[in-house]
2 protein chains.
Amino acid sequence: MDVRTLCLGILALGDATGYEIKKLVADGAFSFFSEASYGSIYPALSRLMDEGLVTCREEAQDGKPDKKIYSLTEIGREELTHALQKDPGPDRQRSEFLASLLFAEAVSPERVSQLIDDRIAHHKERIIALKEMVQTELTPASDFVLGYGLAIQEEALRYLEAHRDMLFQK
Amino acid sequence: MDVRTLCLGILALGDATGYEIKKLVADGAFSFFSEASYGSIYPALSRLMDEGLVTCREEAQDGKPDKKIYSLTEIGREELTHALQKDPGPDRQRSEFLASLLFAEAVSPERVSQLIDDRIAHHKERIIALKEMVQTELTPASDFVLGYGLAIQEEALRYLEAHRDMLFQK
DNA sequence: GTGTACATGTAAAGTGTTACATGATTTC
DNA sequence: GAAATCATGTAACACTTTACATGTACAC
């Protein structure tokens with residue numbers, strides 16, 4: 001999913017600024033399955049304005065640039081609906097962690113052990129964060145997606161703890 | 001992990017052609033956590049040649065271009081080891097499927113239901129394929145990574161089957 | 001005969017990240 | 001006094017995909 005459609009989808013759930021969209025995608029409910037940087041979000045929003053898919057109202061602030069709050073237009077909503085008709089492409093997962101394990105013949109067991117420990121710690125943090133997000137219920141769909149993310153994180157954690165010994169067998 | 005390091009890592013497990021690397025990454029044991037197209041693999045291999053990190057022997061074939069079989073050099077192996085010292089970046093997952101569910105307020109329940117059904121079927125296929133791969137054991141590390149992939153796929157399948165009703169509650 | 005697998009490679013186009021630029025306010 | 005948060009935006013760079021170019025062999 002490109003950043004353009006991602007912005008459209010997030011705005012369909014409520015008005016937002018570019019800054020807020022970035023936060024949602026980086027840390028919030030969307031972080032489990034998407035990514036985008038300022039360098040792609042701001043230009044995408046500008047383009048959506050030009051195309052009439054969103055509108056924007058500016059709010060003055062002291063010491064900060066004006067806040068630009070974007071809203072989806074009727075045409076924008078149609079465009080989103082249209083984009084969602086297409087079959088979703090396959091998931092794309094990239095994991096340097098898994099790659100490192102596979103290629104790690106040359107690396108010391110201590111290093112591998114440390115990689116696993118770090119990873120386990122990371123999963124535990126993510127699980128706590130996700131559980132907090134589930135509390136602040138938004139829609140049934142967001143509960144479903146957060147629950148999905150939580151289930152996957154927990155399973156990954158279980159697997160790592162149960163099977164880490166495999167990597168140290170001769 | 002960039003395509004360059006990916007090629008280095010795959011060659012560390014055994015000699016391969018560009019074509020074979022692409023197959024491994026697209027369908028094989030690496031497909032769970034990486035991606036790369038011919039358009040990035042072939043240039044990457046050429047560059048690795050120029051840098052002396054790999055060598056190449058050509059095998060003539062009838063009717064097809066000569067097969068170029070690449071091998072990692074000692075310098076290449078050092079470069080890989082060096083690259084693996086760095087902490088792996090975070091996993092990046094992108095899922096149009098999950099995004100579609102979150103944004104699907106405007107979409108009909110029938111469509112959502114069909115998306116889930118397709119996804120369940122897809123997981124079942126992947127699970128069968130992964131189980132076959134586990135049979136053709138390579139190294140303890142590859143068993144670990146394949147087992148990880150299998151565990152995640154099975155958990156995703158379980159979750160979808162157990163919780164799909166959430167999306168249709170009023 | 002139609003499609004898939006084998007096998008390499010290039011060029012253009014698209015997409016995205018990183019680093020920069022600016023600057024007040026709040027927290028440690 | 002250093003770092004994080006809020007807030008926007010651009011430019012250079014990196015990376016990837018897609019489409020093209022070429023051609024055989026085999027299965028259905």
Side-chain angles (χ1 to χ4, degrees), chain A residues 1-8 10 15-28 30-31 33-51 54 56-70 83 86 89-94 96 99, chain B residues 1-8 10-11 15-28 30-31 33-50 54 56-70 83 86 89-94 96 99:
Chain A
M1 178 164 293
D2 56 20
V3 175
R4 174 191 154 83
T5 313
L6 190 64
C7 289
L8 238 33
I10 290 172
D15 294 354
T17 67
Y19 189 83
E20 287 166 350
I21 290 175
K22 160 74 186 188
K23 289 292 140 202
L24 282 171
V25 165
D27 314 305
F30 302 86
S31 62
F33 61 83
S34 62
E35 274 184 316
S37 59
Y38 291 127
S40 56
I41 291 169
Y42 284 123
L45 289 171
S46 298
R47 217 187 108 201
L48 290 171
M49 271 291 284
D50 295 343
E51 295 171 330
V54 302
C56 170
R57 62 178 195 278
E58 293 193 39
E59 251 176 38
Q61 303 189 118
D62 338 323
K64 301 173 200 169
D66 291 358
K67 201 186 260 195
K68 292 188 173 179
I69 303 164
Y70 292 92
K86 283 186 302 203
D91 284 15
R92 315 171 140 202
Q93 172 153 23
R94 302 200 149 200
E96 286 194 7
Chain B
M1 176 164 293
D2 56 20
V3 176
R4 174 192 156 84
T5 313
L6 189 64
C7 288
L8 239 32
I10 290 173
L11 291 175
D15 295 353
T17 65
Y19 190 80
E20 287 166 349
I21 291 174
K22 160 74 184 181
K23 290 292 138 199
L24 283 171
V25 165
D27 313 306
F30 303 85
S31 61
F33 61 84
S34 62
E35 272 184 319
S37 61
Y38 290 125
S40 57
I41 291 170
Y42 284 124
L45 289 171
S46 298
R47 215 187 110 201
L48 291 171
M49 270 291 284
D50 295 345
V54 302
C56 170
R57 60 179 197 280
E58 295 193 37
E59 250 176 40
Q61 302 189 120
D62 337 325
K64 299 173 202 170
D66 291 358
K67 201 187 258 191
K68 291 190 173 178
I69 303 165
Y70 291 93
K86 283 186 303 208
D91 284 15
R92 317 175 137 199
Q93 172 151 22
R94 302 196 152 200
E96 287 196 5

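In what follows, every chain begins at residue 1, and chains take the letters A, B, ... in the order their sequences are listed. Values reported hereafter were calculated over all heavy atoms of this structure, with side chains retained and with hydrogens, waters and symmetry mates removed. Nothing here was measured: the structure is a model prediction, and the numbers come from that model.
Rounding to whole angstrom units, OH of residue Y70(A) and C1' of dA7(D) are separated by 12 Å. When rounded to the nearest whole Å, the span between CD of E35(A) and P of dT15(C) equals 17 Å. In this structure, the CZ atom of R57(B) is 13 Å from the P atom of dA7(C), given to the nearest Å. As rounded to whole Å, 9 Å separates atom P of dC6(C) from atom CD of E20(B). Per the geometry, CG belonging to D66(A) stands 19 Å off P belonging to dT22(C), to the nearest Å. Distance Y38(A) OH to dA21(C) P: 18 Å, rounded to the nearest Å. For R47(A) and dG16(C), the CZ to P distance is 10 Å, given to the nearest whole Å. Distance, I21(B) CD1 to dT16(D) C1': 17 Å, rounded to whole Å.
Here R4(A) pairs with E51(A) in a salt bridge; the nearest charged N to carboxylate O distance falls below 4.0 Å.
Taking side-chain N and O atoms only, Y19(A) has no distance below 4.0 Å to OP1 or OP2 of dT8(D). A sub-4.0 Å separation between OP1 or OP2 of dA24(C) and a side-chain N or O of Q61(A) is absent. For Y42(A), a side-chain nitrogen or oxygen approaches OP1 or OP2 of dT8(D) to under 4.0 Å.
Within the cation-pi definition used here (under 6.0 Å to the ring centroid, within 45° of the axis), K23(A) qualifies as a partner of Y19(A).
For S46(B) and R4(A), each mapped to the nucleotide of DNA chain C holding its nearest heavy atom, the one lying further toward the 5' end belongs to S46(B). Annotation: of the two residues near DNA chain C, R92(B) and T17(B), the 5′-most nearest-nucleotide partner is T17(B).
Side chain of S37(A), nearest nucleotide from dA7(D), dT18(C), dT8(C): dT18(C). Ranking dG16(C), dA7(D), dC15(D) by closeness to the S40(A) side chain, first place goes to dG16(C). Set against dT8(D), dT17(C), dT10(D), the side chain of P43(A) has dT10(D) as its closest nucleotide. When the nucleotides dG9(C), dT17(D), dG9(D) are ranked by their closest atom to the side chain of K68(B), dG9(C) comes out on top. Taking every side-chain heavy atom of K23(A) into account, dC6(D) is the closest of dT16(D), dC6(D), dT17(C). In this structure, of dG16(C), dA7(C), dT17(D), it is dA7(C) that holds the atom nearest to the side chain of P65(B).
With values rounded to the nearest 0.5 angstrom, R94(B) atom CZ is found 9.5 Å from R94(A) atom CZ.
Looking only at side-chain heavy atoms (C-beta outward), T17(A) and K68(A) stay at 4.5 Å or farther from each other.
Counting non-hydrogen atoms under 4.0 angstrom, R94(A) reaches the backbone sugars and phosphates but no base.
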Report the C-alpha distance between F33(B) and M1(B) in whole Å, list the side-chain angles of each, state the deciding distance to 0.1 Å, and finish with yes or no for side chain to side chain contact (heavy atoms under 4.5 Å, CB included). CA-CA 10 Å; F33(B) 61 84; M1(B) 176 164 293; over 6 Å; no
